Protein chains: 2
Amino acid sequence: MPYDPVFRVRRFNRAVTAEVGALDTSFLGRGRPLGAARVLNLIGQGQSDVAAIRDDLDLDSGLMSRLLRSLEEEGLIETVSNPQDARRRIARLTETGRCEFQAYEALSNAQATAFLARHSQPEELLRAMDIVASALRRSHIAVEEKDPRNADAIYCLGEYYAELGRRFEKGFDVSLSRDPDAGDMIRPRGVFLVATSDSLPIGCVGLKGSGGDVAEIKRLWVAPSARGLGLAKRLMAAAENCACELSIEVLRLDTNSALTEAQQLYRRTGWTEISRFNDDPYPDTFFEKRL
Amino acid sequence: MPYDPVFRVRRFNRAVTAEVGALDTSFLGRGRPLGAARVLNLIGQGQSDVAAIRDDLDLDSGLMSRLLRSLEEEGLIETVSNPQDARRRIARLTETGRCEFQAYEALSNAQATAFLARHSQPEELLRAMDIVASALRRSHIAVEEKDPRNADAIYCLGEYYAELGRRFEKGFDVSLSRDPDAGDMIRPRGVFLVATSDSLPIGCVGLKGSGGDVAEIKRLWVAPSARGLGLAKRLMAAAENCACELSIEVLRLDTNSALTEAQQLYRRTGWTEISRFNDDPYPDTFFEKRL
DNA sequence: CTAATTGTCTGACCTAAGTCAGATAAATGC
DNA sequence: GCATTTATCTGACTTAGGTCAGACAATTAG
């Protein structure tokens, strides 16, 4: 007899509303209104274009202008005209501003550390926070092409191999598998796509081409914290899209019957099972899709 | 190489801050400022004492007074003097107010339902939300005495039995175990304590007395979503406290070696292992503590 | 070159939220 | 009974946040 789901969601909302003050105190406690602190924070993170900041925070141009001026009067930022377009302005931190920004960062980090330290099972708590954050921000998940040797890509691949290790009865050893050469997953031969949610990598897929009109889908992975959001489908669609752009006509992939959700996805999205097309020791099921 | 915990907590904070607007839109969208809506909401939930509402929302008496008047002018509430103390005022909804309150409730429920419906693994998501909500509100967890036949108590016991069923190799059947008579867990013989977080039951413990100076600790349970918060320790301490009030001198309990965390807790909090004192089929380890 | 568009700034104005110093009336302690 | 305390109300004031219309300068389309 689990408790009413709607009740549980509302309880979560109440908890969060009651504590957001605390969650965001990092912005407070330094004698600056929230708006100004948020602008300072964005500038500190490298957002220099005033219009972009205004857009990010959804501010009126008048209000934005005043916030910038108040930060300027405090000596935290300086603004100059954009040389490419003198109507636009660019803001950057002064030395004092950099210190102030660092102070906010330190507060925020300390608060996060303290929150975790109060819990005796922080890994469980983090897992839960990841799930909730991904669900709340599902409409802001970005799928982008990255070099497979980029840090985010390597992180995804590491997690992918670890997951295979857990799910295959005999574990998984990358060196035994035919590891695609990075060049085969970079344009013009192929692509590597990484999904990020607020810059945390939560999924990936590789399209491994050889220059011909046949290519392979490899390394489809979705973080456990991002499952249930339809991300695998989205990654596969994006990869197929890239394949079209690269004039690829036939896609193939190999998979293992232990990965049941993946197989379900393939069958539901127009893939048909074919016979073995490589001698890799891990896969036991093979699919093909004509574009 | 898991991602930096501090980064993950801050990502969660950002997600929540960005979406609280959405989480709390239930309060908006009906042409009333947040403050007034929150007061209306509390009154709707049965908080009638004006001072209590002020205390709950941490409002200045002046502000509170104005909010009440604006709701009164809208015809949503009426206030009368408290007959016991004519300085105090009591607020209650009018018929119109009840409709308006129901409209807020409906909005809030619809929003929660929609959020869950967007996710294809809602049970996973709810579990995560419970964990986060309990951690955020850990300082507001209430431990209260309840009748063991009360709905919250029955819910806790059901979850407790279900958990034993999962953890004992041969499952668990309540009818085979010596189920304490409800009367033995009500004062003056004993007590039953339930921990709730924002009215969701998340833990319980029973003190089963017989009228003499020996009593037993039974049914210690903490919801999976509330583990890591030190709740078991707090429940045990509360139960011991009650035992002292009831002039009980010796506490005993039986447990199973499959429940490792529980045993650890007992050993760390002054309990000593003793020999079997009943013929219940499930326990295999027995403890005692002199108060 | 001219007209329209774009990005920023400024002043006037507004609401929500909250603080503070009394005023008032009821209740309580002695 | 009288002084003190308590709960609420009222008016004056402040801050944060935000809207709106127009000014101004730079850019772009034709």
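Note that this is a predicted model, so its numbers are computed, not measured.
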Return the nearest nucleotide to the side chain of A:Asp85; candidates are C:dA27, D:dA26, C:dT8. D:dA26
N/O donor-acceptor pair under 3.5 Å between B:Arg92 side chain and B:Ser48 backbone: no
Do you know which two heavy atoms are closest between B:Val39 and B:Leu71, and how far apart they sit? CG1-CD1, 3.7 Å
Only counting residues at least two apart or in another chain, list the ones meeting side-chain hydrogen bond (donor to acceptor under 3.5 Å, both in side chains) with B:Glu74. B:Arg32
Rounded off to whole Å, could you give me the CG-to-C1' distance for the B:Leu67 and C:dG18 pair? 10 Å
Separation of A:Met64 atom CE from D:dG17 atom P, in whole Å? 13 Å
A:Leu68 CG to C:dG7 P, straight-line distance once rounded to whole Å: 15 Å
Let's test your reading of the model: under 3.5 Å, does the base of D:dG11 pair with the side chain of B:Arg66 as donor and acceptor? yes
For a quick test of reading the model: is some side-chain N or O of B:Arg69 closer than 4.0 Å to OP1 or OP2 of D:dT10? yes
Got a salt bridge between B:Glu123 and A:Arg8, using NZ or NE/NH1/NH2 to carboxylate O under 4.0 Å? yes
Look for any protein N or O under 3.5 Å of an N or O in nucleotides 3-6 of chain C and output each such pair with its distance, or none.
| unit_1 | atom_1 | unit_2 | atom_2 | d |
| --- | --- | --- | --- | --- |
| C:dT6 | O4' | A:Arg87 | NH1 | 3.2 |
| C:dT6 | O2 | A:Arg87 | NH1 | 3.0 |

Of the non-hydrogen atoms in B:Ile77 and B:Glu72, which two are nearest, and what is the gap between them? O-CG, 3.6 Å
Between B:Asp60 (CG) and D:dG11 (P), how many Å, whole number? 15 Å
Calculate the interatomic distance between B:Leu63 atom CG and C:dT15 atom P; express it in whole Å. 17 Å
Less than 4.0 angstrom between a side-chain N/O of B:Arg54 and OP1 or OP2 of D:dT8, yes or no? yes
Is any side-chain N or O of B:Arg89 closer than 4.0 Å to OP1 or OP2 of D:dC9? yes
Please report, rounded to the nearest Å, how far the C1' atom of C:dT28 is from the CD atom of B:Gln84. 16 Å
Please confirm whether the backbone N or O of A:Glu100 pairs with a side-chain atom of A:Arg30, one donor and one acceptor, at under 3.5 Å? no
Return the value, rounded to whole Å, for the distance between atom CG of A:Leu57 and atom C1' of D:dT19. 17 Å
For the pair made of CG in B:Leu59 and P in C:dC20, what is the distance, rounded to whole Å? 15 Å
Donor-acceptor pair, B:Thr94 side chain versus B:Gly97 backbone, under 3.5 Å? yes
So if I take every side-chain heavy atom of B:Leu34 and compare against C:dA17, C:dC20, C:dT8, which nucleotide ends up nearest? C:dA17
